[in-house]
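Along the sequence shown, the residues carry numbers beginning at 1. Nothing here was measured: the structure is a model prediction, and the numbers come from that model.
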Amino acid sequence: MKRWVKMIRFIGGLCLVTLLGIAYVSYLCHNSLCLAPEHSSLSPRYSVSSSSSSSKSEIPSSPASLVKQIGRFPSKVNIESVAFEEAYDMGFDITSRDVIVFLHIQKTGGTTFGRHLVRDLNLENPCNCPKKRKRCDCFRPNTVNEQWLFSRYSTGWKCGLHADWTELTDCVEGALDEYEGTSRKRRYFFITVLRDPIHRYLSEFRHVQRGATWKSARHWCGGQEFTSLPHCYKGSNWTGVELDEFMNCSYNLAHNRQTRMLADLTLAGCYTGYNTTADQLERDRILLQSAKQNLASMAYFGLTEEQATSQYIFERTFHLDFANPFDQANATLSAQAIAELTPAQIERVRQLNSLDNELLEFARQLLHERFKKLKRRDPHFRRNWLRVIHPHKIRQGRGISLNFVS
């Protein structure tokens with residue numbers, strides 16, 4: 001009898017310890033910050049080795065070869081997304097079900113580009129931009145609420161403040177259904193703008209130094225909102241932060257921001273263990289390759305440093321012209337900011353944005369490939385390019401040097 005009593009007590013003790021352990025782990029892993037969703041494990045689409053910093057995935061790194069193989073990788077996106085070639089061949093139909101979706105990455109010149117979209121496109125029915133209102137109504141012709149543009153200055157931040165690729169692809173269809181009061185299938189033309197990583201990073205640093213936080217961003221990924229991401233600062237903002245302190249925060253989302261915002265974060269566990277040392281190299285390689293793939297599959301992207309080329313590609317891809325040209329911003333302020341840094345600080349910024357540096361090099365090659373392809377197909381290239389680089393001299397036509405990308 002005593003033996004049975006001891007056995008029952010022993011089993012009861014094990015059960016109690018097990019329950020306490022489960023409760024403790026659940027407490028530590030609140031909001032799934034320890035356990036990634038089932039679909040967020042490292043995807044078999046990528047063969048990635050973490051044994052060496054020079055290791056490469058099986059995905060080709062060159063733009064042309066990557067674009068050719070995009071079809072091999074099944075997408076998790078459940079919306080109809082239009083790629084560059086299809087956008088050029090079929091065009092953008094503003095009267096049908098086509099929607100341009102602008103993925104606005106911080107400090108890339110996206111605010112200026114966003115204003116171009118709502119104010120400067122030559123349309124039969126341009127966006128209506130009332131005075132003293134930040135947003136414009138970009139409705140399809142003969143409709144009262146059907147949007148053809150999903151952006152900050154048209155719909156507002158419907159998918160969250162500066163929503164990234166993961167958020168937008170998961171949210172945009174439902175957000176438009178709710179806005180328009182009806183459920184429908186649309187064709188989505190994703191677009192974005194990239195910028196030199198060092199200049200972009202320093203611009204974000206200065207913006208944060210002045211009080212910006214973007215703390216209302218949702219960070220939606222894998223069906224949940226990650227609200228418990230740590231902040232680099234105490235209090236309401238990081239006003240007055242010095243560059244070294246800004247760089248030393250390991251979970252600063254400014255690091256490699258462009259790569260993170262263009263990647264499918266579910267492939268690497270969303271924000272689980274973000275910027276921890278465990279498998280960091282493997283995670284970085286997956287995010288970089290995913291960002292390259294998503295960029296290559298977008299209908300359009302531009303580069304802040306190549307405004308004329310970017311404008312020409314947009315106009316020929318969408319068969320839409322801008323009334324006012326893109327201005328190439330003077331780089332004096334950025335150059336001055338860099339000149340104030342020590343060589344060690346510049347190198348540190350470069351290291352913190354190594355993925356963005358590789359992404360930009362890929363983007364630059366891909367941009368030039370698209371330019372060349374469109375140029376070959378354009379029977380009126382000289383006139384169209386001249387209108388971009390010298391809009392006020394288009395009628396003269398002679399005596400003007402055409403310095404374009406070869």
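Judged by distance alone, with hydrogens and angles left aside, the side-chain atoms of T166 form a donor-acceptor pair with the main-chain N or O of L265 at under 3.5 Å. In this structure a side-chain-to-backbone donor-acceptor pair under 3.5 Å is present from S154 to L149. Checking side-chain atoms of T317 against main-chain N and O of I313 turns up a donor-acceptor pair under 3.5 Å. The closest donor-acceptor contact from the side chain of S310 to the backbone of E306 lies under 3.5 Å.
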Self-check item: side-chain hydrogen bond (donor to acceptor under 3.5 Å, both in side chains) between D378 and Y312, worked out
Solution: CA-CA 11 Å; D378 186 357; Y312 175 82; 2.7 Å; yes
Quiz item: H116 and D120: side-chain hydrogen bond (donor to acceptor under 3.5 Å, both in side chains), yes or no, with the steps?
Solution: CA-CA 5 Å; H116 274 299; D120 290 336; 2.7 Å; yes
Quiz item: Where do D327 and Q307 land on the side-chain hydrogen bond (donor to acceptor under 3.5 Å, both in side chains) test, with the steps shown first?
Solution: CA-CA 7 Å; D327 292 327; Q307 294 288 330; over 6 Å; no
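Counting all heavy atoms, side chain and backbone alike, R370 lies closest to M298 at NH2-O, 3.2 Å.
Relative ring orientation between F92 and F318 is described as perpendicular, the plane-to-plane angle rising above 60° on a 0-90° scale split at 30° and 60°. The aromatic rings of F371 and W385 stand perpendicular to each other, their planes meeting at an angle above 60°, with 30° marking the opposite boundary. In this structure, F113 and F326 have perpendicular ring planes: the angle between them is above 60°, well past the 30° mark.
Salt bridge annotation for R140-D98: absent, with no cationic side-chain nitrogen under 4.0 angstrom from a carboxylate oxygen. For R260 and D284, the salt-bridge test fails: no basic side-chain N is under 4.0 Å from an acidic carboxylate O. Taking 4.0 Å as the cut-off between side-chain N and carboxylate O, R377 and E85 count as a salt-bridged pair. Salt bridge status for R350 with E347: present, with a side-chain N to carboxylate O gap under 4.0 Å. By the 4.0 Å N-to-carboxylate-O rule, E361 lies close enough to R364 to be salt-bridged with it. Using a 4.0 Å cut-off between charged side-chain N and carboxylate O, K373 and E369 make no salt bridge. Here E204 does not pair with R195 in a salt bridge; the nearest charged N to carboxylate O distance is not below 4.0 Å. E146 and R97 are not joined by a salt bridge, as no carboxylate oxygen comes within less than 4.0 angstrom of a charged side-chain nitrogen.
For D89, the CG atom is densely surrounded, since the number of other residues' heavy atoms within 6.0 Å is greater than 12. No more than 12 heavy atoms of other residues, nucleotides or ligands shown are found within 6.0 angstrom of CD on E242.
Between F150 and Y188, a ring centre-to-centre spacing not shorter than 6.0 Å is recorded. With ring centers used as reference points, F102 lies 6.0 Å or more from Y153. Centroid-to-centroid, the aromatic rings of Y251 and Y271 stay 6.0 Å apart or farther.
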